[in-house]
Structure formats: C-alpha cells, structure tokens
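Values below: every heavy atom of this structure, side chains too, minus hydrogens, waters and symmetry copies. Just so you know, these numbers come straight off a predicted model, no measurement behind them.
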Amino acid sequence: MISQDKIFKIVIDLVTIVILYILLLALFVGVIHILQDINSILFGTLGGGFGQIVSSVLTIFVLIDLFKTFIDYREHQEIRITYVTDATILIVMREIAVGVYAQRFDYPFVLGLSILLFSLGIIRALAVKYPTKL
C-alpha cells in the first residue's frame with residue numbers, strides 16, 4: 001500500500017514539473033515579445049517602445065528568478081528565503097520602473113514602495129548573514 005507521504009511527494013513533484021514548464025514557456029514567449037518590441041523602437045517612437053522593453057526585460061528577470069526558485073525546490077525540497085525575496089525585490093523594482101516611464105506616481109505610492117523595498121532589503125541581508133543550517 002502507498003503511504004500518504006509518497007502520494008504527497010508524487011503530487012508535489014507533478015505540480016512543480018507543470019509549473020516549471022509553464023514558466024519556461026512564459027520565458028520563451030517573453031523573449032519573443034521583447035524582440036517584437038525592438039522592432040517598434042527601430043521603426044516607431046523611442047519613448048513608448050523603450051518603456052515597454054524595460055518593463056518586459058524586468059518581467060523576464062522575475063520569471064527567471066521564479067524559475068530558479070522552483071528548480072531549487074525540486075532539488076533540495078525547501079524554499080530559500082533569499083530566492084523569494086530576490087523575486088519580490090525584482091517585482092517591486094519592475095513596478096517602480098513602469099511607474100517612472102508612465103509618470104503615474106503619487107507620494108503615498110512611492111513611500112509605500114520605498115518602505116517595502118527597504119524591508120525586503122533588510123530581510124535579504126539578514127537571510128544572507130544568518131543562513132539556515134540543515
């Protein structure tokens with residue numbers, strides 16, 4: 001008879017494999033989207049296309065970091081806080097870059113993002129300074 005732990009491990013393995021393939025597909029689609037945006041810069045206006053490329057590249061970095069997190073989970077059966085904070089920092093930085101290019105920031109939003117980025121930086125630094133021991 002199969003134990004509940006084995007069933008749980010099999011289900012988790014299948015879910016992570018499916019998510020990894022979805023992330024891989026998203027990476028390929030994102031790169032194709034960036035290549036199409038380069039076309040709009042070459043033959044269109046520099047302002048709109050450049051902001052779109054910056055946003056797309058930062059989104060690709062977020063996907064790469066999430067991909068790295070899931071690969072690490074598959075190998076070590078644990079989620080490292082440094083990878084999660086890195087992905088979250090990249091998401092916040094992407095929102096800042098998108099907001100700067102769209103010129104849609106107001107004071108409370110910038111303050112909130114600054115506090116969030118500062119907090120994530122502290123968490124990241126503490127996670128590196130005091131790593132968990134297995």
Side-chain angles (χ1 to χ4, degrees):
M1 180 155 182
I2 299 176
S3 70
Q4 290 178 354
D5 290 337
K6 287 185 181 182
I7 293 172
F8 181 73
K9 184 174 177 1
I10 291 170
V11 170
I12 292 296
D13 286 344
L14 289 175
V15 168
T16 55
I17 288 171
V18 168
I19 290 174
L20 283 170
Y21 279 114
I22 290 171
L23 286 172
L24 195 59
L25 179 66
L27 283 170
F28 286 131
V29 170
V31 169
I32 291 170
H33 183 68
I34 290 172
L35 294 175
Q36 290 173 345
D37 286 343
I38 289 175
N39 187 26
S40 70
I41 283 182
L42 294 176
F43 301 110
T45 62
L46 181 63
F50 186 71
Q52 190 70 17
I53 285 182
V54 168
S55 173
S56 297
V57 167
L58 290 173
T59 302
I60 293 294
F61 283 143
V62 169
L63 288 173
I64 289 171
D65 221 12
L66 289 174
F67 191 78
K68 184 171 56 171
T69 301
F70 274 94
I71 290 290
D72 188 58
Y73 178 77
R74 290 245 331 123
E75 290 177 2
H76 303 291
Q77 300 298 318
E78 68 176 355
I79 297 174
R80 296 187 187 182
I81 192 75
T82 54
Y83 291 157
V84 175
T85 53
D86 286 346
T88 310
I89 288 170
L90 284 172
I91 291 169
V92 172
M93 290 175 62
R94 179 195 175 279
E95 288 302 313
I96 290 171
V98 168
V100 166
Y101 284 112
Q103 298 175 349
R104 62 169 173 85
F105 278 149
D106 55 342
Y107 179 73
F109 187 68
V110 172
L111 183 63
L113 286 180
S114 300
I115 292 170
L116 178 62
L117 200 55
F118 182 72
S119 302
L120 289 169
I122 290 173
I123 291 170
R124 174 73 165 93
L126 289 174
V128 169
K129 184 169 180 157
Y130 303 107
T132 58
K133 308 270 192 287
L134 295 178

Please determine whether residues I17 and I12 belong to a single hydrophobic cluster, defined as Ile, Leu, Val, Met, Phe, Trp and Tyr linked transitively by side-chain heavy-atom distances below 4.5 Å. no
Y130, I122: one ILVMFWY side-chain cluster at the under-4.5 Å cut-off? yes
Electrostatic pair K9:D5 at N-O distance under 4.0 angstrom: no
For residues 61-73, tabulate all N or O donor-acceptor pairs below 3.5 Å that involve a side-chain atom, not counting sequence neighbours.
unit_1	atom_1	unit_2	atom_2	d
D65	OD1	K68	NZ	3.3
D65	OD2	A87	N	2.9
T69	OG1	D65	O	2.9
D72	OD1	H76	NE2	3.4
D72	OD2	R80	NE	3.2

Of all residues at least two apart in sequence or in a different chain, which pass the side-chain contact (heavy atoms from CB on, under 4.5 Å) check with S114? V110
How long is the gap from OG1 on T82 to CG on L126, to the nearest 0.5 Å? 12.5 Å
Here the pair of heavy atoms bringing I34 nearest to S56 is CG1-CB, 3.5 Å
Above 12 or not: heavy atoms from other molecules or residues under 6.0 Å from CD of Q4? no
In terms of hydrophobic clusters joined by side-chain contacts under 4.5 Å, are L113 and M93 together? yes
Considering non-hydrogen atoms only, spot the tightest contact between G121 and I89 and give its length. N-CD1, 4.3 Å
Joint hydrophobic cluster, I79 plus I123, side-chain heavy atoms closer than 4.5 Å: no
Result block: side-chain N/O donor-acceptor pairs under 3.5 angstrom for residues 18-30, not counting sequence neighbours:
none

Straight-line distance of I60 CD1 to L90 CG, nearest 0.5 Å: 12.0 Å
Supply the atom-to-atom distance T88 OG1 to R124 CZ, rounded to the nearest 0.5 angstrom. 11.5 Å
Minimum heavy-atom distance L58-R94, with the two atoms named: CD1-CA, 3.7 Å
